[in-house]
Amino acid sequence: MLRNGANLAAFPSRRGRDGGHTRHGLVAVTDLFVRVLLFATSLASVIIVFFIFIFLLGEAWPAFEEVGAGELVLGENWDPEGDPDNPRYPRDPSFGANAIIWGTILVTLGAMVIAIPLGIGSAIFIAEMAPYRLKIVLKTAIELLSGIPSVVFGFFGLLVLVNWIRITWDLTLGFTWLAGSILLGIMALPTIVSVSEDAISTVPRDYKEASLALGATRWQTTREVVLPAAMSGITAAVILGMGRAIGETMAVMMVTGNRAVVPDPIVNVTSPVRTITGTLAIEFGEVPVDSMHYYVLFALAVILLVLVLFINLSATFILSRIEERFHPRTKKAMGGILAPARAFARNWKELAATLAAILLSTLFVSYMAGPVVGVSVIAASLVAHFLLERMLPRHRRQQYDRMLVLALLPVAIAGIATRAIDLPAGAGMVLLLAIVVITVQMVPERASRGNGLLVVIVLWLFYHWFGASLGAGLVAAGLLASQSLSLLTPKSMQRVAYGIVTASLIAVLAMVGVIIYYIVANGYPALSWEFLTESPRNNGREGGIYPAILGTLYLVAGAILVAIPLGVGAGIYLSEYAHQGKLTQTIRTGIDNLNGTPSIVFGLFGYAFFVAYLGFGISLLAGALTLSFMILPTVIRTTEEAVRAVPQGFREGSLALGASKWQTIRKVVLPPAASGVITGVVLSIGRAAGETAPILFTAVVFIQRFLPNSVHDPVMALPYHLFYLATSIPESERQQAGTALVLLIMILIIYSVATALRMHFHKKMKW
Amino acid sequence: MLVMVIGITGCTEESDDVKKLTVAGSTTVQPVAAAAAEQYMNEHDKVDIQVSGGGSSVGVQQAGEGTVDIGMASRDIKSSELTIYPGLVAHTIAYDGIAIIVHPDNPITELTLEQVTAIFAGNITNWQEVGGDDANIGVIGRDANSGTRDFFEEFFLDPHGLVPAYDAELASSGGVHGAVADAPGAIGYVGLAYLNEEVKGLDLKEDENATAVTPSVANVKSGEYAVARNLNLITMGQPTGLAKDLIDWIMGPDGQAIVEGEGFVPL
């Protein structure tokens, strides 16, 4: 408090007695004007947010009405171009998107299997093990990873990953669910790492000190104290990462093969799949406006939004629970009548996990032994399990759980061994083994109850991936390893655990390294003065990419021109002026959800509204506005967070000295908040520069003869140029890698500027 | 924001004596139209022709609605489209052969039409069944909106009431080309323009006893290679003015030279 006061004295407080009557009036008018202006910006932002949702729903409505939600979600045949007038094979179009929804969910889940262990492992390393300097470096590296554009991942996937998978797994084609999940897993990593790292770092120091004081090793402290305390935050991180993965478009559509089938069996990761985002990106560009196919694509976008909304709301809910755990201010108010509800809320996770486990294992066993046997086996074992558990005394339960694991193992092996034996193996098995060990290590002791089920599930997966004997062998080895770990002394245990955590971070860095190395090594020879300053020739195989660089700059400039005034204004208004009540909270939730909206959905909206409805055509204007809507929520929220982070004492001090509200905001609140605001803006620029999906239908052309001379002209853009070259132009490999490298360098510069600015302002900020 | 939009809009002024023409539709026809437009603009001052993609269906619809002056389609106008826009007129400017392509290392050099149908319908899944190596066949097709896919299925699958069994659906002919060039077991279809040494175009024959025909510009032109389609420019009513001039120019010697240069079959 004293420091605040001391600081305030340093602020210019020239508004002394010299401010006469007229001056005072002017200040009041300015204040009112600013207030109205900021209100207008926030109103405009809010209208935009809700307008997008309503507009999408309106465009999707005819599909829900004609085709029906049931057919869309459950229908099995996706044949949108069926034509009753086709002379040779007349058939009605069919819009069953069941396989597409499955594809979306499966690719996302697969990505999580890869990203969760690696992400949490890396977060533990950064938060608990890394020295301060290394921590800063690693956090920056992870941030950079999040800046690599989706289309660059897709480019890498198409040229390297797809072929690697084809050869390693001995497949005919490498376009697979696995390829999509690997790319998405890498792309979801930054979110999972940074949010988990935050959660782990914010666990109060006393917790750790108390544990260490009791003689626990550092790893025991991390595992038994820090991780459980940070669990809600880590869960939220996983959910946010999932939200990021499910909305990804370009990378996924370039590698998954886009065939609308449910994998058979459902864990067959080498099956091609098609996601909602991929379907939108591929088909939307070529559907006639106002056809049923057009409406159905909007309906798919709405279904995707509902999935994302559900994921985001769970994250918000969980995050709000963390806040409550460490700052339990509402405890008293909530007691009494609400106590049962609270008890339920505490147990909901356990309940949900149990239900999910039951459901999954029923499904899995039904697959193996038929539905009747499957359901009865699971039901019988559940009943037995619960009865046994109730009868056992408390101290026996843990022993029982261990036994359950050991008893289930041979049963599962025997069950699987009765099926046919096949032995093809892949290089991924070592990785998968590592994942199992890491996961088992991270499960807190009390979750061991679910271990038995987990083992059965993993066994079943491995059986399908590696064949019966190898799969069972791998699981047995994994179990043996994890069991033998418990025999180690705490000190050796710590060494092993740290080894695994370090390995997960190294794995992440290695993946980033491979991608960046590939792009730099292949792109560097393409770089030349001509490449940067000339127009493309021969369908982009020769010449340069100057118009694409320029187009990207135009698009970004246009986007920030709209998004910054609106977003910063709205952010300031929401935090400084708006009454902090239900309405503001609703607005904030709306903005947050818009923030999580997949970029391809903005693309659809931009096309339907700007290009078609307002008649802008495929143009710089339509693209820049679409991008600005996409980054608007980020700008609003980062501004709001940055402004709110300024201590309340600053404002009170300034107001007490007689400054008006706007004067206080302008001279006292904004300067220290500038760093946060600018960082948010610069990161938004990076995002806008790298996005492909929103401009795909609104702004870009592949080849342009003249540079655009008005905002009504379409533009070329780097991400789209790379996408088009990589997917459509044979024999343009050099130019592809060159374009990817230029795009990467551009993003790198933008992120370095953001980092430098933050460091610069960070030093200036003192309180 | 409104103010800003109006402000930006304000700076677009076209002088009145420049004649504008818009062309949109099939991405297959686009390179021909774009190259033709470029050369036509070089020869004629004060003409501004803008060519954009969107796909055949979009081309037909926009021509019918009058959103563009000329639509492009890599197929003929469907009867359902003629019901909505009875005035549509198609002008064939070139032909395109569809080649069945495999990896260059694949020992197979020819297939019967029946075999192609069976492979793409998923009834033949191993190369051995058509006299090749013992390896699975990876069937690659285009996305549902593709005019190339429409045509291919109309030719090989629709007459038998069969549906395709693709292992991957890619969004562009270049993508199909790239995937087949990478994977030894793959098969796909692309326009003649995409044939090069990285992939092998299979010879096709009516049945076991017929002679196999190589997919080539000459064979399409002579009518011997039957898997060929019309590339059309589409107008609402008979074209007039600049639209008529451009279409005539493309059908003339200069335009047909461009057609050939882009790998299509001239009239």
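We name chains A, B, ... by the order of the sequence lines, and we start the count at 1 in each one.
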Check whether Glu169(B) gets within reach of chain A through its side chain, its backbone, both or neither, counting any heavy atom under 4.5 Å.
-> both

Which residues share a ring pair (Phe, Tyr, Trp, His ring centres under 6.0 Å) with Tyr85(B), sequence neighbours left out = none

Output yes when a side-chain donor or acceptor of Asn196(B) lies under 3.5 Å from a complementary backbone atom of Glu198(B), and no otherwise.
-> yes

Cut-off 4.5 Å, heavy atoms of chain B, and the answer for Val287(A) is both

Examine the side chains of Arg75(B) and Thr148(B) and answer whether a donor and an acceptor come within less than 3.5 Å of each other.
-> no

Hey, are Ser74(B) and Ser56(B) close enough side-chain-wise for a donor-acceptor pair under 3.5 Å?
-> yes

Go through the atoms of Val60(B) and report whether side chain, backbone, both or neither lie under 4.5 Å from a heavy atom of chain A.
-> neither

Under a 4.5 Å cut-off applied to non-hydrogen side-chain atoms, are Arg166(A) and Pro184(B) in contact?
-> yes

Quick one: of Asp158(B), Val176(B), Leu162(B), who has the most non-hydrogen atom pairs under 4.5 Å with chain A?
-> Asp158(B)

When heavy-atom pairs shorter than 4.5 Å are enumerated against chain A, which of Gly141(B), Gly161(B), Ala171(B), Gly185(B) gives the highest number?
-> Gly161(B)

Would you call the rings of Phe723(A) and Tyr720(A) parallel, tilted or perpendicular, where under 30° means parallel and over 60° means perpendicular?
-> tilted

Between Ile618(A), Leu171(A), Leu158(A), Val289(A), the one whose heavy-atom pairs under 4.5 Å with chain B are most numerous | Val289(A)

Which answer fits Leu157(B), side chain, backbone, both or neither, if we ask what part of it has an atom under 4.5 Å from a heavy atom of chain A?
-> neither

